[in-house]
Trainee: 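My questions will all concern the structure given below.
Only this structure's heavy atoms are used, side chains among them; waters, hydrogens and symmetry mates stay out. Protein chains get the first letters and strands the later ones, always in sequence-line order, with residue 1 at the start of each.
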Protein chains: 2
Amino acid sequence: MDVRTICLGILTRGDATGYEIKNLFQDDGYQYFVEASFGSIYPALNRLTEEGLVSVRAEAQEKRPDRKVYSITPSGRSAFIASLLKPLPEDRHRSPFVFAMLFSDLLPENHARALLDTYAAQTEIKLAQLSESNTKPKTPGEEFANGFGRAIYQAMLEYLRAYRPRLETEPPAAVAAAE
Amino acid sequence: MDVRTICLGILTRGDATGYEIKNLFQDDGYQYFVEASFGSIYPALNRLTEEGLVSVRAEAQEKRPDRKVYSITPSGRSAFIASLLKPLPEDRHRSPFVFAMLFSDLLPENHARALLDTYAAQTEIKLAQLSESNTKPKTPGEEFANGFGRAIYQAMLEYLRAYRPRLETEPPAAVAAAE
DNA sequence: CCGATCTATATCGATCCAATATAGATACGG
DNA sequence: CCGTATCTATATTGGATCGATATAGATCGG
């Protein structure tokens with residue numbers, strides 16, 4: 001999903017500045033399934049403006065540069081809906097963690113365990129964030145996305161925990177002897 | 001995980017041409033968690049060669065351009081391991097499907113259902129492929145990655161199936177009246 | 001009151017992707 | 001036996017995108 005389409009989608013929910021669009025990815029329901037950087041959002045908004053799919057109004061501010069607030073136009077709304085009706089690009093999951101685990105045999109003793117523990121902890125945090133944000137009221141789509149995310153992170157966590165004992169090291173000799 | 005590191009990783013498992021490296025993503029255990037295109041693999045291999053992290057030997061062929069077979073060098077192996085020991089980049093999951101579902105309220109009647117059904121079918125296929133490729137012998141890392149992938153796709157499928165009735169349409173009036 | 005963080009816009013270089021070009025090999029149906 | 005499609009293999013190009021950085025006033029906590 002290209003950045004232009006993502007911007008249009010967010011603007012269907014209300015006007016926003018480039019900065020606000022970027023931040024919606026961090027803390028809203030969009031989290032974990034879409035992302036874009038400033039370096040792509042600002043050029044995308046400029047092009048969308050040229051093409052008449054969004055409009056800008058500059059809100060003057062004292063002692064600051066203008067706030068550029070973007071709104072979607074009727075033709076922008078049509079273009080957005082049309083792009084959702086076309087066949088969608090495939091999902092892409094890139095995991096440096098899984099990649100590293102593929103080569104755990106080349107790494108120092110116990111490093112795989114450390115990687116897994118770190119990753120499990122991060123997953124727990126994301127799961128907690130998703131559960132927390134689920135208390136707020138949502139559109140049906142946001143509810144679906146939230147539940148989908150929770151289902152995935154929950155499954156990941158369960159798998160990691162089930163796998164964990166396979167990476168267990170022998171207890172140190174002194175402790176083993178004491179038992 | 002940048003393409004250079006990915007190439008180095010694959011070369012730790014044996015020599016390969018750029019073409020073979022690309023294809024390993026399609027049908028091996030790496031599937032679904034790492035990817036790279038020709039447009040990034042060939043330049044990456046050239047740079048790695050310049051830096052002495054891989055070496056090339058040109059195998060002559062009749063009536064064809066040479067096969068360029070790449071091998072990882074000792075310093076390449078060190079560099080690869082070092083990059084796995086550094087903090088890893090975060091996972092990135094991009095899902096045009098979930099993005100579209102976020103805006104299902106803007107789409108024609110039943111389109112969300114069509115999206116979900118298509119996506120569920122694709123997920124089933126990927127799950128079957130992963131289960132199938134699990135019968136082949138694997139390194140411990142590959143086994144972990146395969147199980148991890150299956151756990152995720154299984155959970156996705158279960159969620160989609162559980163959610164499906166919520167998108168059920170009213171049966172056509174004629175059918176409803178006949179009951 | 002000072003440093004840190006936040007709001008906000010913007011650009012640059014590096015990376016990466018998708019499409020395309022080339023070209024012989026192989027395979028398969030008509 | 002011929003045409004067409006697919007495969008192996010390398011490579012480039014244009015465009016999209018990312019990550020880092022620059023700027024600068026506001027605000028807030030210690």
Trainee: Under the rule for side chain to side chain contact (heavy atoms under 4.5 Å, CB included), what residues qualify as partners of A/Tyr159, not counting sequence neighbours?
Mentor: A/Tyr163, B/Phe144, B/Phe148, B/Ala151
Trainee: Can you list the residues that meet the side chain to side chain donor-acceptor pair (under 3.5 Å) rule with A/Gln129, with sequence neighbours excluded?
Mentor: A/Tyr32
Trainee: Between A/Tyr19 and C/dT9, does any side-chain N or O lie under 4.0 Å from OP1 or OP2?
Mentor: no
Trainee: Can you sort out the partners of B/Arg113 under side chain to side chain donor-acceptor pair (under 3.5 Å), two or more places apart, ordered by chain and number?
Mentor: B/Thr169
Trainee: Which residues pass the ring-ring contact (aromatic ring centres under 6.0 Å, His included) test with B/Tyr70, not counting sequence neighbours?
Mentor: none
Trainee: I need the full list of side-chain hydrogen bond (donor to acceptor under 3.5 Å, both in side chains) pairs touching residues 102-112 of chain A, with sequence neighbours left out, sorted by first then second residue.
Mentor: A/Asp105-B/Arg13
Trainee: I want to check one thing: is the phosphate of D/dT8, taken as OP1 and OP2, less than 4.0 Å away from some side-chain N or O of B/Thr17?
Mentor: no
Trainee: To 10°, what angle do the rotation axes through the five end pairs on each side of the helix from C/dC1-D/dG30 to C/dG30-D/dC1 form?
Mentor: 40°
Trainee: Could you list the residues that satisfy side chain to side chain donor-acceptor pair (under 3.5 Å) with A/Ser83, not counting sequence neighbours?
Mentor: none
Trainee: Measure CD1/B/Ile41 against C1'/D/dT10 and give the value in whole Å, please.
Mentor: 12 Å
Trainee: Tabulate atom names and distances for all N/O pairs under 3.5 angstrom spanning the protein and nucleotides 12-17 of chain D.
Mentor:
{"residue": "D/dT17", "atom": "OP1", "partner": "A/Val3", "partner atom": "N", "Å": "3.3"}

Trainee: Using the test side chain to side chain donor-acceptor pair (under 3.5 Å), find all partners of B/Arg164 that sit at least two apart in sequence or belong to another chain.
Mentor: B/Asp117, B/Glu168
